[in-house]
*Asks:* 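I'd like to ask some things about the structure below.
Note that the numbering runs from 1 along the sequence shown for the chain. Being a predicted model, the structure only gives us computed values, none of them experimental. Start at 1 and go down the list; that is how both ligands and their atoms are numbered. These values consider heavy atoms only, across backbone and side chains, with no hydrogens, waters or symmetry-generated copies.
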Amino acid sequence: MNQGLIPTADAIYKLIQELNKLPGIGPKSAQRLAYHLLRIPEEQAKLLADAILSVKQKTGLCSVCFNVTESALCLICRSDERDQSKICIVEQPQDILALEHTGIYKGLYHVLHGAISPTEGVGTDDIRIQELLKRLQGSSVDEVILATNTNLEGEQTAMYLNKLILPLGIRVTRLARGLPFGTELEYADDVTLTRAIEGRQEF
Ligand SMILES: [Zn+2]
């Protein structure tokens, strides 16, 4: 952002700076949002500020699957209507939202919180792989569905997990290749995702 003369109030400048740090928000969008927020009623601004603080203060990670939750166990892990014999492995909590939206998967999840990426310095110990293996040992799980992204990091992670899980005698499947290479799960449409889940194959 231009650090020269700032033709606006300091408070607005600070807000623009903070918004500009968000993913997908460039300087222009940050400016537009900041001036939009300036115009909305104070009550609405307060709701937004409270919502942001709440996600930081009230949420944590599920102790079993590492999904975002407001209690020790997330809603999915707590439900007795989920198929306990299947675990779907995703990179990020928002991937669960995308898969749940299709409504066809009734099993459990495990969130890795990242993918193996040597170029970005993310190793096998930096994501929740050990927790997954511990979870699988002695469990009644008979299928693990690898739903990591279809980019290089996601594929590397899937291959690594496949190597670790197969010896446990658990079936390992990967979402069908209906998903174009490079797709991030959270942006995939329902139809493509549904086909990908239904058409999952032995990995
Ligand atoms: Zn959970």
*Asks:* Suppose the criterion is ring pair (Phe, Tyr, Trp, His ring centres under 6.0 Å): which pairs have a residue in residues 150-173, not counting sequence neighbours?
*Replies:*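 Listed by first then second residue: nothing to list.
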
*Asks:* Hey, could you give me each pair passing ring pair (Phe, Tyr, Trp, His ring centres under 6.0 Å) that has a residue in residues 53-83? Not counting sequence neighbours.
*Replies:*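 Qualifying pairs: Phe66-His110.
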
*Asks:* Taking only residues two or more places apart in sequence, or in another chain, which ones meet Lys163 in a salt bridge (Lys or Arg N to Asp or Glu O under 4.0 Å)?
*Replies:* none

*Asks:* Can you tell me how far CD1 of Ile87 sits from CZ of Arg82, rounded to the nearest 0.5 angstrom?
*Replies:*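 Those atoms lie 12.0 Å apart.
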
*Asks:* Take the Zn ion (ligand 1) and tell me which protein N, O or S atoms are nearer than 2.8 Å.
*Replies:*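 The answer, once waters are left aside, is Cys62 SG, Cys65 SG, Cys74 SG, Cys77 SG.
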
*Asks:* One pair to check against side-chain hydrogen bond (donor to acceptor under 3.5 Å, both in side chains): Glu143 and Thr173. What are the steps and the verdict?
*Replies:* CA-CA 7 Å; Glu143 181 183 1; Thr173 56; 2.8 Å; yes

*Asks:* What distance separates Leu53 CG from Lys46 NZ, expressed to the nearest 0.5 Å?
*Replies:* 9.5 Å

